[in-house]
Amino acid sequence: MSRLVVGPFNRVEGDLELTLDVEDGRVAEARVATTLYRGFEQILVGRPAGDALTIAPRICGICSVSQSLAAAAVLRELCGVQPPRNGELAANLAHAAENIADHLSHFYLFFMPDFCRAEYASKPWHGEIHKRFKAVEGSAARDMLPARARLLHIMGLIAGKWPHSLALQPGGVTRALDLGGKMRLLAILGDFRAFAEKHLFGAPLEQIAALETPEQLAAFAEGPGDFAAFLRVARDLRLDTLGRCALPLMSFGAYHTAEGALFPAGVADAAGAALPMGAIGEQVASSFFADSAEDPALSFTTPDMERAQAYSFAKAPRLDGRPAETGAVARQAVAGHKLVRALLGDARGSHVLVRVVARVLEIAAVALAAENWARALDVRESFCAASAAAVKGAGVGRIEAARGALGHWVSVERGVIRSYQIIAPTTWNFSPRDAAGVPGPLEQALVGVETGAQGAKAAAIQHVVRSFDPCMVCTAH
Amino acid sequence: MPGRGARAAIEIAGQYGDSGAMTTKRKTLLWLQAGSCGGCTMAALEQGGAGLFAELQNLGLDLLWHPSVSEATGDEVLQLFARIETGAQQLDILCVEGSILRGPNGTGRFNRLSGTQRTLLDLSRALAQHAEYCVAVGSCAAFGGIPAGDPDPTEACGLHYDGAEPGGSLDADWRSRAGLPVVNIAGCAPHPGWIVETLAALAAGDLGPDDLDALGRPLFFAGHLAHHGCSRNEFYEFKASARVLSERGCMMEHLGCKATQAIGDCNQRAWNGGGSCTHAGFACISCTSPGFEAARDTHVTPKIGGVPVGLPLDMPKAWFMTLAALSKSATPARVRQNAEADRVVVNPKRAK
Ligand code: SF4
Ligand code: SF4
């Protein structure tokens, strides 16, 4: 058996290190670590409650709006304010812009360039893929980056800027759009649709939203567009058998309006069937932190670099004592997406293919919803309800970031934050081992992956890790 | 650096003669992420009509490696760092994003380069010695930023400053090979244009010590105040103030806006196609200033005896008070009413 330490691991958000025990050319055991700790939970404690809206988004530059929305959700609970409908719709639009931008960055900048590696030079598809997706040089970035920037003009209208805005408040958003602003939103979404239909899908968004069976997906793979190109590579490399993980899939629910959530909250088993939502706790047996309560409503974060057995700055979140996977695949499984459930069911668990497919399909679903939200804005009505400062109490802000379930557990006394605990999506997915030695989702998904002659550089390892779209800066915060 | 522009022109002329094509020497760029949120990179990726990569290419910059976008991984990256340290690889511009974490106890172990036992504290210091120019991207790398917020759990600082104090992970008298202090692209996150235009100016050999303010921030944006060009300026002039968030009035009197004290051409540029902090209805938190992370009660203006504590940067208090009283008494009804509404309720029209 040999031990490989993999890092610096790039094209992920933040600092990621893998330690792999390899036996007979396959991963026997994996440990995942984040090597950066900044101490946000410590910095938030002692500040006026409302300042969470200034500090929390800065945990993460890639899901800043999600962090704002989680903080705003707690404060909303504590001050009892109800945003007007326009406020909810506008927040959904800003969130949609961020999440779609993240999904695009993941697909085009982080995930696809791995198929351009020399390791695949003999593959019949390599030439085409290399030309399109080669890191920094490929033609795809020249189409995608301007489209991403244009989509983020939604932030200019609603959030002022991105990343890191204070527009998303407990009572709604700080700027009431006028008629011109509403029309600009629709124009931006129209531009996005044009990009997605031409380059990403080669088909109308409605057709993507209607994909329901693996057979339909296979037929779609023969068509034009970047997603179809990925599907053909995935079929050749059997990405539906790579990086399998058979854990509960959890979603906190996303895009709320008076009519309910576009994607509801819940838990599904590895094949996609519904499970009850369990209790959430965080363990530190393998983390550089001192012991504290497992319940995030009661715990505090204190670094301890000397802790025996510790190997990561991430804690180990557990759902009813078990690890859980979160992300687009979980969100869509819980929401009952037929194709995602079918792909999960066939493999009795998640895998590289379904993680990527769920994410890309979501781009179409959310873009369609965003068009409806923009149309539903009533610019004669208010966008923000005035809210008093939070003085006292405890609450949880649960939302879905692009990468999955994000929760802020907060208690406030005399207007000041007493405790602030954050469990981010990648804290779940890239959790280290817990007190019982049970590995986290990625650690399980890597077991059995062939490293072959490439060792630590094996593209298969890169595919499995990046299929989760990790955000390590959120993971340990 | 006298004659900078002229020198560049001569260089161009020389090469023009040789090749018949107008080329300056291309520059290499390495980007490191230390204690960052990745937001500066996310902002930079918004720049350029054909995307950031095309923009860098056109501006004469070759990206050696960036952790978020480059193909090279693991050993390939470590070998690149080694080549820079032995001098085999020329490094023109080193960008560092994120605070330098010195903790715990000065070891830097809160931020280790994955795959190695090396800290970012050590790596960023070592590579800076080989860089012609060193650029701190964002207020974290410039001054310490949010991670340095009380109780500063990780002993965070900037490359060249610890808050407003000279000397961060690099000594106060440190200069890059080309003789410049660390160039501080302050902002949390900075405008994408601040980042790429600074890099472009360095690539063109057009940024010298005189182009920086006293805290190392490029004057092309740091020579302005965030307040300049705010869409609420008429309300400011008449001290017609918003009372709660989402009202259109000036946010200085009640809602904590610090834009009259914060550097940046924030309201003279379009953020994400046309926004800005104050345009979107929230206060400037002076994210371009060292120590902005220490502020409390973001959307409340601290006052003594009803007078805001933080007055405009270079305005004597007595003057401000007199002008404020005068302008309040002369406020047109339109301005007064619109200041306290979330939309225009009184349209402009000629006074009778
Ligand atoms: S809101 Fe801020 S930036 Fe705008 S006019 Fe008032 S003080 Fe200046
Ligand atoms: S307006 Fe103020 S808070 Fe906003 S970007 Fe400029 S300096 Fe930073």
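You'll find the side chain of A:Lys161 reaches within 4.5 Å of the side chain of B:Cys277, heavy atoms only. By the 4.5 Å heavy-atom criterion applied to side chains, B:Cys37 and A:Ile59 are not counted as neighbours. Here the side chains of B:Leu78 and A:Pro8 are in contact, with some heavy-atom distance below 4.5 Å. Put simply, the side chain of B:Thr107 does not reach to within 4.5 Å of the side chain of A:Met305, judged on heavy atoms. Between B:Phe282 and A:Arg175, every side-chain heavy-atom pair lies at or beyond the 4.5 Å cut-off. A 4.5 Å side-chain heavy-atom check between A:Ile55 and B:Ile146 finds at least one atom pair inside the cut-off. For the pair B:Phe110 and A:Phe313, the minimum side-chain heavy-atom distance is below 4.5 Å. When side chains are defined from C-beta on, A:Glu137 does not count as touching B:Glu71, because their heavy atoms never get closer than 4.5 Å.
Heavy atoms from other residues, nucleotides or ligands lying under 6.0 Å from NZ of A:Lys457 number 12 at most.
No donor-acceptor distance shorter than 3.5 angstrom exists from the side chain of B:Asn272 to the backbone of A:Ile154, with no hydrogens or angles considered. Remark: side-chain polar atoms of A:Asp15 are not paired, donor with acceptor, to backbone N or O of B:Ser114 under 3.5 angstrom. Looking only at distances, no side-chain donor or acceptor of A:Thr35 sits under 3.5 Å from a matching main-chain atom of B:Asn111. The closest donor-acceptor contact from the side chain of A:Arg142 to the backbone of B:Phe53 lies at 3.5 Å or more, if one exists at all.
When heavy atoms are compared at a cutoff of 4.5 Å, B:Arg343 approaches chain A solely by way of its side chain, counted from C-beta outward. Interface residue A:Val379: only backbone heavy atoms are found under 4.5 Å from chain B. If you measure heavy-atom distances from A:Ser382 to chain B, the contacts under 4.5 Å come from both the backbone and the side chain.
With chain B as partner, the option from A:Val173, A:Asp51, A:Val473 having the largest number of non-hydrogen pairs under 4.5 angstrom is A:Asp51. In terms of heavy-atom pairs under 4.5 angstrom with chain B, the leader among A:His477, A:Glu381, A:Met144 is A:Glu381. Contacts with chain B were tallied for A:Gln42, A:Arg47, A:Met155; A:Arg47 has the most, counting heavy-atom pairs under 4.5 Å.
We find that A:Arg58 and B:Glu293 are not joined by a salt bridge, their nearest charged nitrogen and carboxylate oxygen being 4.0 Å or further apart.
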